[in-house]
*Asks:* 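The structure is given below, and queries will be raised subsequently.
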There are 2 protein chains.
Amino acid sequence: MRLSRYFLPILKETPKEAEIVSHRLMLRAGMIRQESAGIYAWLPLGLRVLRKIERIVEEEQNRSGAVQLLMPTIQAADLWRESGRYDAYGKEMLRITDRHEREMLYGPTNEEMITEIFRAYIRSYKDLPLNLYHIQWKFRDEVRPRFGIMRGREFLMKDAYSFDTDKEAARHAYNRMFVAYLRTFDRMGLKAIPMRADTGPIGGDMSHEFIILASTGESEVFCSKDILDLPIPGADTDFASDLTPIVEAWTTPYAATDEMHDEAAFNQVAEDRKVSARGIEVGHIFYFGTKYSEPMNAKVTLSDGSEAVVHMGSYGIGVSRLLGAIIEAHHDDEGIVWPASVAPFHVGLINLKPGDAATDEACADFYRQLENAGIEVLYDDEDTRAGAKFATMDLIGLPWQLIVGPRGLKDGVVELKNRRSGERVSLSPQEAINRLIAELKG
Amino acid sequence: MRLSRYFLPILKETPKEAEIVSHRLMLRAGMIRQESAGIYAWLPLGLRVLRKIERIVEEEQNRSGAVQLLMPTIQAADLWRESGRYDAYGKEMLRITDRHEREMLYGPTNEEMITEIFRAYIRSYKDLPLNLYHIQWKFRDEVRPRFGIMRGREFLMKDAYSFDTDKEAARHAYNRMFVAYLRTFDRMGLKAIPMRADTGPIGGDMSHEFIILASTGESEVFCSKDILDLPIPGADTDFASDLTPIVEAWTTPYAATDEMHDEAAFNQVAEDRKVSARGIEVGHIFYFGTKYSEPMNAKVTLSDGSEAVVHMGSYGIGVSRLLGAIIEAHHDDEGIVWPASVAPFHVGLINLKPGDAATDEACADFYRQLENAGIEVLYDDEDTRAGAKFATMDLIGLPWQLIVGPRGLKDGVVELKNRRSGERVSLSPQEAINRLIAELKG
């Protein structure tokens with residue numbers, strides 16, 4: 001993408017309303033714009049990151065055996081009356097009356113709707129296990145939306161729902177999601193810690209939150225350093241196998257949110273292994289048995305001809321919130337430092353003298369070669385000061401900067417800068433290409 | 001994808017409520033489920049097609065130079081008061097009051113919001129031309145939703161908005177979208193005819209609808225056969241060049257919707273070239289000048305230092321509706337016949353005898369080889385009757401069926417069926433693979 005044809009509205013001022021660094025940087029880097037309290041437009045740079053995060057979530061959900069569908073944003077109130085949650089949900093639910101005076105709502109979550117879909121089609125235990133997920137905009141009418149997209153009202157969420165014949169099978173489903181979540185967050189450069197958690201309004205008796213440690217986190221968390229050293233399950237993990245050993249390894253070291261914190265148990269952890277910090281919730285998984293299937297009558301016939309109410313779990317990932325969490329974990333004084341897996345572009349190509357024929361030609365050549373290699377390039381072809389170009393590229397945090405100017409070209413070199421380490425090296429054009437392909441496609 | 005692990009709820013009965021063939025087939029093929037009047041869940045097979053259509057739309061929007069962002073679904077009423085449309089829009093707008101008694105709405109379109117974004121950041125003619133688009137769920141509270149997703153209330157739409165310094169530049173923007181639309185619909189196997197159209201509540205003085213001829217269409221349309229024979233602009237079209245000759249070629253033959261129909265002009269068309277038919281609108285483009293930029297104060301500074309109110313256009317594609325339009329154009333008595341570009345999977349692999357070791361092994365091998373070649377396979381590994389398998393594959397309309405059974409394997413052959421032509425050929429396993437790769441990846 002050529003910057004001159006892109007829409008990247010960089011802000012020079014640090015917006016006053018932004019309390020945390022991710023919110024400030026997303027506004028300054030032209031990634032989002034607030035349209036109403038807690039409601040944001042995703043500007044082009046922000047949308048690219050959002051889509052990359054979605055793809056990783058999808059890939060890992062699919063790998064674990066979950067099947068993707070898409071439920072609508074607007075739901076009928078009657079569906080929520082069946083589960084008894086319509087009145088219980090309170091003011092966070094955005095309630096709507098349509099032109100025919102029917103009561104509707106903007107879905108804050110989808111347990112009821114997915115149970116309705118399940119019971120409409122599934123009759124036999126032979127169709128289980130089943131895990132259905134979608135990635136859709138949700139709305140929660142927070143009293144006080146804050147922290148930008150970290151606690152917005154309209155937000156993008158992945159929610160999966162598992163259906164099994166009994167508790168034992170449901171636990172396998174739970175374990176599959178547990179492992180999928182470890183992989184998902186790791187691929188985005190996040191160290192997410194599963195912590196025993198309260199089940200809240202979703203209900204149920206087994207639940208883990210996945211928490212990123214960050215000083216700006218909303219909740220207080222406690223864990224042992226042991227959990228930070230555990231290996232992430234590989235891409236070759238067999239999700240049909242018994243995943244209990246992995247889940248046990250990850251649930252043995254102490255780790256709990258403040259709601260579930262047990263001071264006595266925490267004191268068993270060696271003093272130099274204790275972590276007491278703040279955290280950001282990026283995922284939450286629940287097993288809740290027959291809480292929805294029972295009142296909504298979601299049953300299957302078993303092999304002996306009897307009927308069983310299905311056991312369910314639900315599994316959420318805050319997709320839009322993840323952008324904020326990643327920035328909280330990956331930034332420095334100059335701006336964002338994206339992990340390559342979610343970077344909006346891989347390389348920022350900086351033309352130091354647009355209009356200079358040799359420099360323009362060299363840049364056009366780099367642009368073509370890198371794009372042909374499947375590397376995403378943001379090409380700054382604009383006629384602005386070098387200082388401003390560097391500051392913008394540092395701010396938006398692409399992993400690599402390739403700096404091309406007339407003086408270097410005379411000596412047969414260009415400069416390649418690694419955004420994270422700050423290291424700058426002079427290389428021949430061909431070496432620079434080879435290096436980028438090796439780093440990004442190797 | 002293995003069918004035994006998928007969620008494909010085929011209906012045996014033809015649903016009575018469905019009036020048109022695309023609605024019937026989408027319900028029977030387990031693509032959608034109605035959740036409320038005019039509000040649908042996209043089941044896994046339907047979602048796959050929706051995503052393929054989105055990708056084609058995105059690719060062609062990007063090719064034309066438009067830049068993607070994403071605006072939220074919920075908008076503030078105040079924004080619409082600025083343009084004067086809040087009261088004018090009527091009951092089709094879903095109006096919402098939030099917990100703080102603020103008036104909101106579920107966006108039926110985004111002229112106001114994109115103008116607000118534009119004026120917040122763009123100051124200079126140097127940043128123009130600019131065309132920003134998004135693909136987002138919209139809501140129109142139709143009195144009488146019908147025809148399934150063809151006239152739903154919650155629907156997915158691509159809407160683009162162009163900004164230019166004057167009418168002449170805006171016309172170039174209009175032409176770029178005109179050409180992008182020709183390519184977009186053609187890639188989905190649709191013959192879309194641009195027709196002069198009424199501008200309706202969007203306003204403006206230049207507008208074309210893109211119409212698919214179909215007997216179940218909602219509107220009456222008239223055109224000359226000449227327009228059906230025109231060549232589609234190639235992928236190498238230079239969108240920076242003057243596209244007027246292409247647009248002129250496509251707007252010279254007679255073509256109009258009933259609102260704009262001119263009987264006298266139509267009678268100039270030779271009798272055997274006259275087409276009078278019903279049509280489905282799949283896209284609509286508008287130039288409306290300063291209708292929104294003037295009241296909303298969206299201006300840029302020109303090179304001479306003076307200010308100009310920007311000229312705008314908007315450009316819609318009914319993304320979810322396109323599924324219905326494609327099925328209306330591509331089906332037979334047995335079911336859907338997807339064009340390969342939007343098919344949910346490319347190949348249906350039918351195992352005639354699951355449990356038979358040789359057949360299972362051959363199928364597993366086909367599945368692996370085809371997937372490795374980038375071909376998407378739905379593998380029917382379920383233990384059901386052959387007749388039911390064939391009927392399901394015909395119904396869901398994948399372009400190719402690869403039929404593998406123990407008797408054929410003994411003779412060293414499998415059967416390859418082309419869904420559209422119905423042609424079935426016996427081939428060796430290797431020939432079958434080669435043929436599929438040549439047809440789908442050639």
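Letters A, B, ... are given to chains in the order of the sequence lines, protein chains preceding strands, and every chain is numbered from 1.
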*Asks:* Which heavy atom of Tyr121(A) sits nearest to which heavy atom of Pro9(B), and what is that distance?
*Replies:*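 The answer is CD2-CB, 3.3 Å.
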*Asks:* Salt bridge (Lys or Arg N to Asp or Glu O under 4.0 Å) with Asp98(B): which of Arg153(A), Arg140(A), Lys91(A)?
*Replies:*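 Going through Arg153(A), Arg140(A), Lys91(A) one by one, the salt bridge (Lys or Arg N to Asp or Glu O under 4.0 Å) with Asp98(B) is satisfied by Arg153(A) alone.
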*Asks:* For Leu94(B), is it the side chain, the backbone, both, or neither that has a heavy atom closer than 4.5 Å to a heavy atom of chain A?
*Replies:*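 Just its side chain gets close to chain A.
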*Asks:* Could you have a look at Glu116(B), Arg48(B), Glu92(B), Met71(B) and say which one has the most heavy-atom pairs with chain A under 4.5 angstrom?
*Replies:*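 Between Glu116(B), Arg48(B), Glu92(B), Met71(B), the count favours Glu116(B).
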*Asks:* Give the minimum heavy-atom separation between Arg102(A) and Ala37(B), together with the two atoms involved.
*Replies:*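 Nearest pair, atom of Arg102(A) first, then Ala37(B): NH1-CB, 4.1 Å.
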*Asks:* Need one label for Thr97(B): side chain, backbone, both or neither, based on atoms under 4.5 Å from any heavy atom in chain A.
*Replies:*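 The backbone, not the side chain.
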*Asks:* Side-chain contact test, heavy atoms from C-beta onward, threshold under 4.5 Å: evaluate it for Thr73(B) versus Ile39(A) and give yes or no.
*Replies:*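 Not in contact.
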*Asks:* Tell me, side chain or backbone of Leu70(A) under 4.5 Å from chain B's heavy atoms, or both, or neither?
*Replies:*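 It is both, since atoms from each part get that close.
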*Asks:* Tell me whether the count of non-hydrogen atoms from other residues, nucleotides or ligands lying under 6.0 Å of CD in Glu13(A) goes above 12.
*Replies:*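 No.
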*Asks:* With rounding to the nearest 0.5 angstrom, report the CD to CD distance, Glu35(B) to Gln75(A).
*Replies:*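 Spacing of CD (Glu35(B)) from CD (Gln75(A)) equals 8.0 Å.
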*Asks:* Relative to chain A, which segment of Arg5(B) carries a heavy atom at a distance below 4.5 Å: side chain, backbone, both, or neither?
*Replies:*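 Looking at Arg5(B), just its backbone touches chain A.
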*Asks:* So which pairs with a foot in residues 121-139 of chain B pass salt bridge (charged side-chain N to carboxylate O under 4.0 Å, His left out), sequence neighbours left out?
*Replies:*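 The answer is Lys138(B)-Asp159(B).
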*Asks:* Identify whether the distance between the nearest side-chain nitrogen and carboxylate oxygen of Arg99(A) and Glu142(B) falls below 4.0 Å.
*Replies:*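 No salt bridge links Arg99(A) with Glu142(B).
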*Asks:* Side chain, backbone, both or neither: which part of Met104(B) has a non-hydrogen atom closer than 4.5 Å to chain A?
*Replies:*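 The answer is the side chain of Met104(B).
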*Asks:* With a 4.5 angstrom heavy-atom cut-off, which part of Arg51(B) approaches chain A: side chain, backbone, both or neither?
*Replies:*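 It is the side chain, since no backbone atom gets that close.
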*Asks:* Of all heavy-atom pairs between Pro72(B) and Ala41(A), which one has the smallest distance, and what is that distance?
*Replies:*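 Closest approach of Pro72(B) to Ala41(A): CD-CA, 3.8 Å.
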*Asks:* Short question: side chain of His100(B), backbone of Val143(A) - any donor-acceptor pair under 3.5 Å?
*Replies:*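 Side chain of His100(B) to backbone of Val143(A): a pair is present.
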*Asks:* So which of Ile117(A), Leu130(A), Asn131(A), Asn62(A) has the biggest tally of heavy-atom pairs under 4.5 Å with chain B?
*Replies:*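 The option with the most such pairs is Ile117(A).
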*Asks:* Identify the two heavy atoms, one from Trp42(A) and one from Leu69(B), that lie closest to each other, and give their separation to 0.1 Å.
*Replies:*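 Closest approach of Trp42(A) to Leu69(B), heavy atoms only: O-CB, 3.1 Å.
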*Asks:* Between Leu45(B) and chain A, which part of the residue has a heavy atom less than 4.5 Å away: side chain, backbone, both or neither?
*Replies:*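 Leu45(B) has no heavy atom closer than 4.5 Å to chain A.
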*Asks:* Check for a donor-acceptor pair, side chain of Glu154(A) on one end and backbone N or O of Ile74(B) on the other, with a separation under 3.5 Å.
*Replies:*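 Flag set: sc Glu154(A) to bb Ile74(B) pair under 3.5 Å.
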*Asks:* If you measure from CD1 on Ile96(A) to CG on Asp141(B), what distance do you get to the nearest 0.5 Å?
*Replies:*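 Interatomic distance, Ile96(A) CD1 to Asp141(B) CG, rounded to 0.5 Å: 10.0 Å.
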*Asks:* Counting heavy-atom pairs under 4.5 Å with chain A, which one of Met1(B), Glu382(B), Gln136(B) comes out on top?
*Replies:*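 Winner by heavy-atom pair count: Gln136(B).
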*Asks:* Looking at chain B, which one of Tyr106(A), Tyr40(A), Trp137(A) has the largest number of heavy-atom pairs inside 4.5 Å, strictly under?
*Replies:*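 When all of Tyr106(A), Tyr40(A), Trp137(A) are compared, Tyr106(A) has the most.
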*Asks:* Could you measure the distance from the CZ atom of Phe7(A) to the CZ atom of Phe118(B)? Nearest 0.5 Å is fine.
*Replies:*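 Reported value, rounded in 0.5 Å steps: 8.5 Å.
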*Asks:* For the atom pair CG (Asp78(A)) and OG (Ser36(B)), what is the distance rounded to the nearest 0.5 Å?
*Replies:*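 Asp78(A) atom CG to Ser36(B) atom OG measures 9.0 Å (nearest 0.5 Å).
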*Asks:* Can you tell me which portion of Gln68(B) sits under 4.5 Å from chain A's heavy atoms? Options are side chain, backbone, both or neither.
*Replies:*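 For Gln68(B), the contact with chain A is made by backbone and side chain together.
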